[in-house]
Amino acid sequence: MEKSYQKDQFITDIFYGETLNKSINFSASPKQHVIILTNQKYYDRSFEKINQLFKSAEEIDWYVCRNQTYCNNLEELMNLLHFLERFPQNRQYLFCAYGNEGVMQLTGFLAQTTILPSHYWCLPVSVRSLAKALLVEQAIMKQNNQVLLQVKNLPQAIYFDQTLTEAQQDGKLVDLLIFIRVGIVCDYHFLQNLYLNFPDQHRVYRRSFAALIPELIHYYAHSSEIETFGKLFEAAFYQTENGHLLSANMKRLFGILFHLFWSDANNALHFNLKNFLIWFNHLGYPITLPPQISLTDYQLQVLAQGQKQEPLTVLAEIGKISAHKDVTLQTLQQAITNYQVILKEISES
C-alpha cells in the first residue's frame, strides 16, 4: 500500500504492507551512489538482501553504527562525517536509513546538512523506528539523552516491511509501547482496542500489528504531542544514580508511566491506573523499578530537567489534551505516591 504523508510543510510517500523487494523499485540515475546507514546487527543479518535492492546503483557503500537506541549522538555524527570526506561532490547520492530509531534520526540530520547532492529514504526495521521516520525533527543527542542539534526534514520515501518485525520477540513488546502511547495521547478507543486484542504477552507474540500501521501514520501526521509524551521523565533516568540499570527502552516505558501518573495528579483522568499497571504486568513489562534506583533522587532529576524544558502535556482525559504545565514538587510527589500505593495494592492482591 502507498500513502502520502504530510507534516508541517514536508511531504513524503509511505509504502507498507509488502516486502521490501516488492515495494522498492530502484532505478539508478547516472552516477548514482547509494550509501546505506545501518546498525551492526542489521548489517550482519541483511547485507546481501539490501544490496540486491540497489544492484543497479553505480556504487554502494555502507556506514555501520552501533546498536544502541540513541546512536544519533555527536560521536557517531563525527565518525560519519569523517567517513564521508572521501566522497566527491560531482555525484548524486541516496542516503538510505536501514536500522533502528537512531539511524533514522542520524540519516535525516545528515541529509539536511550535508553539502553532498542527495536525498534520503528510510527503511525502518521496527514500529519504533517507523515512528521516528515520521518525525520532521531530526536530532543529534548528547550522551545524557538531551537534544544537542536539531533540524527539520522528512525522507523522500519510507518503505516499511512488516515481516521484519513479526519475527521479533521482545522487540514486539517495545513496538506495542509505541501504539500504547498513541492511544494515551490521541484516542481512548484505540487504547481500548489494544487492551482487547493484546491482553497478554502470548497474544502480542502471535498477532500482527499490520492493521494498526495506517492509524499510527494518521495520528503522527496530526499530533506533535505523541513523541514528547514521557520524554522528560525518561530523560531524568539518564541523570539518576544507577539509572544505567534500566535499558533505553525501559527508561522510555517508565517515562510514559510517570508522565501518565503526573498528568492524573494535575487533572484527575477518571482512568483505572491500577488495571493499566496490571495489564502491563500481563504483557511482561516491568512495573517496579530496581531497588537500587532511588525515587527521591529521581524526582530531584525530574524537577531539574523540568526547569530547562517547555511545559509538559497534561491530559484532560485519555486521548485528549487539556493544557501544558510545569512540573511542580507537589504534583510530582502526588504522582509518585499514587504509583507506590497502586503497586502495593497489586502486590497484596
Side-chain angles (χ1 to χ4, degrees), residues 1-8 10-27 34 36-39 41-42 45-46 49-54 94-108 111 119-138 153-169 171-183 185-187 190-191 193-194 197-198 203-224 226-227:
M1 295 181 68
E2 180 179 352
K3 189 176 184 68
S4 180
Y5 176 84
Q6 181 169 355
K7 190 80 172 176
D8 297 344
F10 298 92
I11 299 175
T12 188
D13 292 316
I14 305 174
F15 301 86
Y16 62 97
E18 292 184 314
T19 57
L20 292 178
N21 63 341
K22 289 185 178 179
S23 60
I24 293 180
N25 183 20
F26 179 75
S27 179
V34 175
I36 302 166
L37 285 77
T38 192
N39 307 102
K41 68 177 180 180
Y42 300 114
R45 291 178 189 174
S46 308
K49 175 183 176 181
I50 300 302
N51 266 1
Q52 282 298 309
L53 299 175
F54 301 102
L94 170 62
F95 293 112
C96 183
Y98 175 70
N100 70 5
E101 302 163 58
V103 168
M104 301 298 119
Q105 291 272 288
L106 182 64
T107 310
H119 57 276
Y120 85 106
W121 290 358
C122 285
L123 279 60
V125 296
S126 63
V127 172
R128 52 199 182 276
S129 56
L130 170 62
K132 284 293 185 186
L134 297 174
L135 300 178
V136 295
E137 295 83 11
Q138 312 294 332
N153 202 5
L154 270 184
Q156 184 185 56
I158 299 172
Y159 296 91
F160 182 61
D161 182 350
Q162 184 71 31
T163 63
L164 296 174
T165 69
E166 293 304 321
Q168 300 179 30
Q169 290 290 307
K172 286 200 73 175
L173 286 173
V174 182
D175 279 350
L176 179 63
L177 188 63
I178 303 301
F179 293 116
I180 290 172
R181 183 172 59 184
V182 168
V185 176
C186 298
D187 190 338
F190 181 76
L191 182 63
N193 285 334
L194 292 176
N197 288 300
F198 303 99
R203 244 67 69 92
V204 174
Y205 292 155
R206 289 182 61 87
R207 291 180 176 173
S208 172
F209 294 147
L212 302 174
I213 298 303
E215 291 178 274
L216 179 81
I217 294 169
H218 168 79
Y219 287 123
Y220 264 80
H222 292 89
S223 173
S224 59
I226 301 170
E227 194 70 21

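Just so you know, residue 1 is the first one in the sequence shown, and it goes up from there.
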Would one find more than 12 heavy atoms of other residues, nucleotides or ligands at under 6.0 Å from atom CG of N25? no

Minimal non-hydrogen separation, L53 against N21, with atom names: CD2-CA, 3.6 Å

Which atom names give the shortest non-hydrogen contact between F160 and P124, and what distance separates them? CD1-O, 3.8 Å

From the options Q138, E227, Q105, select the one residue that forms a side chain to side chain donor-acceptor pair (under 3.5 Å) with K132. E227

Residue pair A133 / P155: nearest heavy atoms and the distance that separates them: O-CD, 3.9 Å

May I ask you to test the L123-F15 pair for a side-chain heavy-atom distance under 4.5 Å? no

Report yes if some heavy atom in the side chain of W121 is under 4.5 Å from a heavy atom in the side chain of T107; otherwise report no. no

How close do L94 and Y120 get, counting heavy atoms only, and between which atoms? CD1-CA, 4.0 Å

With under 30° as parallel and over 60° as perpendicular, where do the rings of Y42 and Y98 fit, or are they tilted in between? perpendicular

Is N100 close to S126 at the side-chain level, that is, under 4.5 Å between some pair of heavy atoms? no

Are side-chain heavy atoms of Y5 and I158 found at a separation under 4.5 Å? no

Under 4.5 Å between any side-chain heavy atoms of F198 and F209, yes or no? yes

To check you understand the geometry: which heavy-atom pair defines the closest contact between L154 and K7, and what is its length? CD1-CB, 4.2 Å

Assess the residue pair Y159 and E18 against the criterion (side-chain hydrogen bond (donor to acceptor under 3.5 Å, both in side chains)); give the C-alpha distance rounded to whole Å, side-chain angles, the decisive distance to 0.1 Å, and a yes or no. CA-CA 9 Å; Y159 296 91; E18 292 184 314; over 6 Å; no

For residues L130 and D175, determine if any side-chain heavy atom of one lies less than 4.5 Å from a side-chain heavy atom of the other. no

